[in-house]
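Numbered from 1 within each chain, the chains take letters A, B, ... in sequence-line order.
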2 protein chains.
Amino acid sequence: MSAQPLAPGAMIGIIGGGQLGRMLAMAAARLGYKTIILEPDIHAPAAQVANSQIVASYDDPEALEQLAEFCDVVTYEFENVPVAAVQWLEAHVAVRPGSKALEVAQDRLLEKTMARDLGAETALFAAVATRSELDTAITTTGLPAVLKTTRLGYDGKGQAKLVKPEDADPALAAMHGQMAILESFVHFDCEVSVIAARGLSGEVRAFDVAENVHRNHILHTSTVPSTLGAEARAEAIRIAAAIAGHLEYVGVFAVEFFAVRDRERHRLLVNEIAPRVHNSGHWTEAACAISQFEQHIRAITGLPLGDPARHSDCVMENLIGDDITRVPGLATESGTVLHLYGKSDARPGRKMGHVTRISPLT
Amino acid sequence: MSAQPLAPGAMIGIIGGGQLGRMLAMAAARLGYKTIILEPDIHAPAAQVANSQIVASYDDPEALEQLAEFCDVVTYEFENVPVAAVQWLEAHVAVRPGSKALEVAQDRLLEKTMARDLGAETALFAAVATRSELDTAITTTGLPAVLKTTRLGYDGKGQAKLVKPEDADPALAAMHGQMAILESFVHFDCEVSVIAARGLSGEVRAFDVAENVHRNHILHTSTVPSTLGAEARAEAIRIAAAIAGHLEYVGVFAVEFFAVRDRERHRLLVNEIAPRVHNSGHWTEAACAISQFEQHIRAITGLPLGDPARHSDCVMENLIGDDITRVPGLATESGTVLHLYGKSDARPGRKMGHVTRISPLT
């Protein structure tokens, strides 16, 4: 634990060069810090706004040595960074968050087990490596259920739905021999997420709970405030804080929940933990004095965490693929905060930017 | 006049690498544009966040050729860019705003004369090149008065106050033989500024009037809303729009006024015109959906101008020199938006950053 925050001019290493790294680099610049991006793609969005880029793979030994040498602290912008690379770095420079959160977030089984062990509810789940384990797992979860690879899945990739027993074979085949987890299908009322930060001192500060709508397994909108009651919102933040404390986490993270209607209230099931800034927190840059990106930079540099209070209600909408052509029209709307990522190729399904519409607090 | 806005990925050239260029480059990035900075100082704040930098003087012919070749539009972040350089560029690439605004803003005499010709009030003034002209000028302005070089003055440099006739000699000596303007000393009630944008279509949109306090001739705070009445605020915006129209201006500009108490209302005297984003508009990034920086990028790229409405009241405070050491303390305050410029050397009088405190609309 460092008593003094990093001074302006300190160098922050960011592993990963996507839009999250880009927005982190801009937040770092606003606090007077410099950034260096480790990213093999020379056209990466983050490199365009960072001080410099190391063009190499995320586990390139020379690149990691350079990061350790040049940086005062290293962070990452996506959860599929090789754990071994981060472990090597941790021996040579402050890495926040560290490898522990990465290990858990890279494995759905560890993730769900941790959440359950911390007293949070999850979907029913069971590990699946073989066909016979899948049969046993179905007796645990019931049907419908969702089979997912335990590792390297996001935006719906590596997932198969089982509605009837005959779906077992094709679902298992879709795992391509990888270790999997079967999860009971949750009939949720809505999906929500908490974006929170844990500082070096252990303090946790959470932004307001956002209500998220996905389309084709990709986040479509985040709306704040959510339709959750005050009790469920507090519960979501309590669970997030317990997870961060358990992981001795430093930085911003997201916990995604399914909210299941239970008479007049909502029960919350932990769905996913992201050890990084998160798409469902992009609204913070438009509706709070402190964005999730600045909050992360504050946490990892040892600055005090900022006040996550909202000054406005808002709806964030992702701009996917061709949505980018809507920009001139969106630019005519009042109370609309546009944010594009500098990607030249608007492929279908690619996140090109987002727009947040703010309105007075209700 | 271009019918289509520049597409994301287009290149914007920015002449000047200071904090205004830095904040313009970040705003450009958020709209998906790339930036190239022309600036001789390789450690310049803007270069840290831009795609690239041409390290050369502002009138270097090769550098200007490169700007013309690589850029879809060129802008500038300070008003002392050599007019000839901008005129050369105008023949080869879109330059917004163009050289006309620069010429006027570089000469206090042209500036004040234009304001007066457009029907706006100014301090009493007269041109001064010689000692006898100074004597005549004093009969126009009365005493006290302020003698200023007509060109290249900012933050109080190149100014001398005349309280009594004997001050004439030292005041004239302080001009070092440069052409000067004598202005009557204005007993103002407050200083205010309008930050407005004029788009390619001629549309003008103004942010709310800010009330400014200077210390040692450097802006200390900007407060919004100001203490001006609705009539005076509307008048300030009307004058700003007239000036922009007259200059066929494209982009964001500032008009600074002295507000003189006249019984129950305020009379406004144009003090200075800045053909660029302005320190007294930094509050917009914290209290509006659209900052002055984004508004400038929208104007020069042909995107629709954004809605300049405020979502919060605010006070912006400049962080000068050693004020930078207050950052960790400021970071603990709620509703506080920090912005540092990445300058390593906190010299006295140097603008290191600013902080904006927001509060609900009154």
Side-chain angles (χ1 to χ4, degrees), chain A residues 4-5 7-9 22-23 25-26 28-35 45 47-52 285-290 294 298 302-309 311-312 324 327-344 346 352-353 356-361, chain B residues 4-5 7-9 22-23 25-26 28-35 45 47-52 285-290 294 298 302-307 309 311-312 324 327-346 352-353 356-361:
Chain A
Q4 284 293 317
R22 178 183 174 96
M23 292 187 268
M26 288 204 266
R30 285 178 50 122
L31 292 176
Y33 296 115
K34 296 189 167 67
T35 50
Q48 296 174 20
V49 298
N51 290 70
S52 57
E285 67 170 353
C288 303
I290 303 291
E294 174 167 338
R298 284 172 173 242
L303 278 171
L305 297 183
D307 177 4
H311 57 65
S312 299
I324 192 89
V327 165
L330 291 169
T332 65
E333 293 181 13
S334 288
T336 293
V337 181
L338 271 168
H339 199 142
L340 308 184
Y341 307 148
K343 298 179 181 176
S344 48
M352 302 301 291
T356 307
R357 293 176 177 87
I358 63 173
S359 54
L361 289 177
Chain B
Q4 285 293 315
R22 178 183 174 96
M23 293 186 269
M26 289 204 265
R30 285 177 50 121
L31 292 176
Y33 296 115
K34 298 189 166 70
T35 50
Q48 297 173 19
V49 298
N51 290 69
S52 57
E285 67 170 353
C288 303
I290 303 291
E294 174 166 338
R298 285 172 173 240
L303 277 171
L305 297 183
D307 178 3
H311 57 66
S312 300
I324 191 88
V327 165
L330 291 169
T332 65
E333 293 180 13
S334 287
T336 293
V337 181
L338 271 168
H339 199 141
L340 308 184
Y341 307 148
K343 298 179 181 176
S344 48
D345 186 13
M352 301 301 291
T356 308
R357 295 177 177 85
I358 62 173
S359 55
L361 289 177

* Using non-hydrogen atoms and a 4.5 Å limit, figure out which bit of A:A50 sits close to chain B: side chain, backbone, both or neither. => backbone

* Quick one: which of A:P360, A:P328, A:G306 has the most heavy-atom pairs under 4.5 Å with chain B, could you say? => A:P328

* Contacting region of A:I324 [heavy-atom separation from chain B under 4.5 Å] -> side chain

* Asked: Does anything in residues 333-344 of chain B pair up under salt bridge (Lys or Arg N to Asp or Glu O under 4.0 Å), and if so which pairs, sequence neighbours excluded?
  -> B:E333-B:R357

* Could you tell me the separation between the CD atom of A:Q4 and the CG atom of A:L303, rounded to the nearest 0.5 Å? => 10.0 Å

* **Considering all heavy atoms, the nearest B:T332-A:P304 contact** => CG2-CG, 3.5 Å

* Structure fact -> Highest number of heavy-atom pairs under 4.5 Å with chain A among B:H339, B:M352, B:R22 belongs to B:H339

* Structure fact -> Looking only at B:A29, B:G342, B:P8, most heavy-atom pairs under 4.5 Å shared with chain A are made by B:A29

* With respect to chain A, which residue among B:S344, B:A7, B:G353, B:A331 yields the maximal number of heavy-atom pairs within a distance under 4.5 Å? -> B:A331

* Pairing residues for A:A28 by the side chain to side chain contact (heavy atoms under 4.5 Å, CB included) criterion, not counting sequence neighbours -> A:I12, A:Y33, A:T35, A:I297

* B:E285 CD to A:R30 CZ distance, which is reported to the nearest 0.5 Å -> 4.5 Å

* Of all of B:N51, B:L340, B:I290, which one pairs up most often with chain A through heavy atoms under 4.5 Å apart? -> B:L340

* Examine distances only and state if a side-chain atom of B:T336 and a backbone atom of B:S334 form a donor-acceptor pair shorter than 3.5 Å. => yes

* Which atoms of A:L338 come close to chain B, meaning under 4.5 Å heavy atom to heavy atom: side chain ones, backbone ones, both, or neither? -> both

